[in-house]
Number of protein chains: 2
Amino acid sequence: MPTTPPSTARLAVSTVIFALRADRAGGPPALWTPLVRRTREPQLGHWALPGGWLPPNEELETAAARTLRATTGLAPSYLEQLYTFGGVDRSPGERVVSVVYWALLPSDEAARATIGPNVRWVPADTLPDLAFDHAEIIAYALWRLRTKVEYSEIAHALLGRTFTLAELREVYEAVLRRPLDPANFRRTMLASGGLQETGEHRAGTPHRPPKLYRYDPAGTAPGAREPFRDAERTAS
Amino acid sequence: MPTTPPSTARLAVSTVIFALRADRAGGPPALWTPLVRRTREPQLGHWALPGGWLPPNEELETAAARTLRATTGLAPSYLEQLYTFGGVDRSPGERVVSVVYWALLPSDEAARATIGPNVRWVPADTLPDLAFDHAEIIAYALWRLRTKVEYSEIAHALLGRTFTLAELREVYEAVLRRPLDPANFRRTMLASGGLQETGEHRAGTPHRPPKLYRYDPAGTAPGAREPFRDAERTAS
DNA sequence: GCAAAAGTGTTAGCGGTACACCCATGG
DNA sequence: CCATGGGTGTACCGCTAACACTTTTGC
């Protein structure tokens, strides 16, 4: 970092937000994402990712969480840096470098996310025309979510604090878009996962009441955290 | 990206560079990385990652490749975005956001990398005191390399254009820091890998001359590339 | 021919998948 | 008592680790 003329690129932080929503009540849930309508040029009126310029004294991750809260009224249950997009021509007129984060919201809270005229939730795999390169960015975030769900334990972040194994399986099925064997899923989760029984059961089901679980990684020693808590791994 | 007051943070691009070097001739190779001595405040005289401010009209990846070339005189055989570090206090006095890349160099070329008084190669796992948060950054890049080598085929980027299976195995062993079974390694590579026999053999060995291979992913259709060519995957 | 690395064959164990089956509850 | 999802048992398959063995060269 030699002290030379300042960079003229402007730094923005944007966030791709995912939550589960059922199209019709009782139906299987799917991934949705909120977009905001641009109220300024360039691309006025187009739908875009929530975000804004990076304030000089705010951490990157804090900025991502703040814009997330501004557009949904909610706090993320998971938040991780995705990638930094800096193509010279991605914004007409000026150089903009965007540090993009991706986030998961608990579905119970997401149901009461604030909705204004300039915020719109859309299914994550059928997007409208988006401003700038934001369609690519969301596609990449989706790919990352789908990849990461397979080897990591982030799926619970799309549920509330307690959940049944069937609900957790629904999350995996929605994200991976394929059915999973309930029997094997149960064992895999109970074995390698940090799932803990709450002792409670979900009431009001038409059939046998299922156990409720909490995500609580018992095997992890306090303070023993991976590098950067959200370290990266790159696909072949 | 609303049009509001410009961000005051300055944008830098840095690169963590890895190459294989043998400590003593004939010995097993290990990972080394080049550092540059800072010639300005802050942290004047400290060793740091190669890098610099982002020029307004240069792509991020191009900037990374350029600084890499400036410090080593070489072109990378592999280059990927690592992470963006933007902590408010990571540089004293002013806010600096660094987009960091990591790179691999072919070992045959790396042997004739330029070395000046302000460039120093050090073993990647025993670093001297570094400027800013660069020690963390290198540790993270190392972790990413070690993780990625296990599920991806980037190891060949640390060798020349052709290589024997024993040489390729040495790369894996150096990166993973554990011995691998030669027999199983051979089969795994030949099965899942894009290795292609050149028809040639390495001459001058004291024993049976091994076949030379080239990395040439035959299964990959032209133009069929993964998202961003270097997509990410996050550890648990 | 002897040492050493290149290269092949064979087997055991482990984890994932498929699927048959029993359990518990509301109606 | 029946339908339905919750929950358990088990057999098979493919992959990998381990390691014995054969081949080919330089000296």
Side-chain angles (χ1 to χ4, degrees), chain A residues 22 25-29 146-147 149-153 155-156 159 162-214 219 236, chain B residues 22 25-29 147 149-153 155-156 159 162-193 195-214 219 236:
Chain A
R146 295 196 156 119
T147 308
V149 152
E150 298 212 83
Y151 65 91
S152 174
E153 294 179 359
H156 67 89
L159 295 172
T162 66
F163 46 84
T164 68
L165 280 167
E167 287 163 354
L168 187 59
R169 180 165 47 83
E170 267 196 323
V171 175
Y172 276 83
E173 291 179 335
V175 172
L176 299 176
R177 290 173 300 181
R178 82 179 128 96
L180 299 176
D181 183 302
N184 296 329
F185 180 81
R186 151 184 308 279
R187 269 180 299 243
T188 308
M189 284 299 131
L190 293 180
S192 72
L195 293 190
Q196 204 143 6
E197 293 191 18
T198 63
E200 318 257 310
H201 295 254
R202 166 113 32 238
T205 62
H207 301 295
R208 174 173 173 177
K211 291 181 185 172
L212 280 171
Y213 292 85
R214 185 197 346 271
S236 84
Chain B
T147 308
V149 153
E150 298 212 82
Y151 65 91
S152 176
E153 294 179 0
H156 66 89
L159 295 172
T162 66
F163 45 86
T164 69
L165 280 167
E167 288 162 354
L168 187 58
R169 180 165 48 82
E170 267 196 323
V171 176
Y172 276 83
E173 291 178 337
V175 172
L176 299 177
R177 290 173 300 182
R178 81 181 129 95
L180 298 175
D181 184 301
N184 295 330
F185 180 82
R186 152 183 308 277
R187 269 180 298 242
T188 309
M189 284 299 131
L190 293 181
S192 73
L195 293 191
Q196 205 143 5
E197 293 191 18
T198 64
E200 318 258 309
H201 294 254
R202 167 117 25 241
T205 62
H207 302 295
R208 174 174 174 178
K211 292 180 185 171
L212 281 171
Y213 292 85
R214 185 199 345 274
S236 87

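Every chain is numbered from 1, with letters handed out A, B, ... down the list of sequences.
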**Q** Taking the nucleotide of DNA chain C with the closest heavy atom to each, which residue, A:Arg178 or B:Pro182, is nearer the 5' end?
**A** B:Pro182
**Q** Between B:Arg186 (CZ) and D:dT16 (C1'), how many Å, whole number?
**A** 17 Å
**Q** Between B:Leu165 and B:Met189, does the side-chain contact (heavy atoms from CB on, under 4.5 Å) criterion hold? Intermediate values first, please.
**A** CA-CA 8 Å; B:Leu165 280 167; B:Met189 284 299 131; 4.1 Å; yes
**Q** Starting from P on D:dG6, measure out to CG on A:Leu190 and report it in whole angstrom.
**A** 14 Å
**Q** Rounding to a whole Å, what distance do you find between A:Asn184:CG and D:dC12:C1'?
**A** 12 Å
**Q** Does the distance from a Lys or Arg side-chain N to an Asp or Glu carboxylate O, for A:Arg202 and A:Glu167, drop under 4.0 Å?
**A** yes
**Q** Whole angstrom is fine here: how far is it from CZ in A:Arg187 over to C1' in D:dA11?
**A** 12 Å
**Q** If you compare all heavy atoms of B:Gly27 against all heavy atoms of B:Ala22, which two are closest, and at what distance to 0.1 Å?
**A** O-CB, 3.8 Å
**Q** Select base, sugar-phosphate, or nothing to describe what B:Ala183 touches, counting heavy atoms under 4.0 Å on all strands.
**A** base
**Q** Strictly below 4.0 Å, heavy-atom distances to any atom of DNA chain C: list the hits from residues 198-212 of chain B, or just say none.
**A** B:His207, B:Arg208, B:Pro210, B:Lys211
**Q** Hey, is the main chain of B:Lys211 close enough, under 3.5 Å, to the side chain of B:Thr164 for a donor-acceptor pair?
**A** no
**Q** Could you tell me from which nucleotide to which nucleotide of DNA chain C, 5' to 3', there is an atom under 4.0 Å from chain A heavy atoms?
**A** C:dT17 to C:dG26
**Q** Figure out the CG/C1' separation between A:Leu165 and D:dT8, and round it to whole Å.
**A** 13 Å
**Q** With sequence neighbours excluded, tell me which residues meet side chain to side chain donor-acceptor pair (under 3.5 Å) with B:Arg208.
**A** none
**Q** Test ring-ring contact (aromatic ring centres under 6.0 Å, His included) on B:Tyr172 and B:Phe185; report intermediate values, then the result.
**A** CA-CA 10 Å; B:Tyr172 276 83; B:Phe185 180 82; 5.2 Å; yes
**Q** Considering only NZ, NE, NH1 and NH2 on the basic side and carboxylate oxygens on the acidic side, decide whether B:Arg169 and B:Glu173 come within less than 4.0 Å.
**A** yes
**Q** Between P on D:dC15 and CG on B:Asp181, what's the gap in Å once rounded to a whole number?
**A** 18 Å
**Q** For A:Val175, does its backbone N or O pair with a side-chain atom of A:Arg146 as donor and acceptor, under 3.5 Å?
**A** yes
**Q** To the nearest Å, how far apart are A:Phe185 CZ and D:dT8 P?
**A** 15 Å
**Q** Where do B:Thr205 and B:Pro210 come nearest, in terms of heavy atoms and distance?
**A** CG2-CD, 4.0 Å
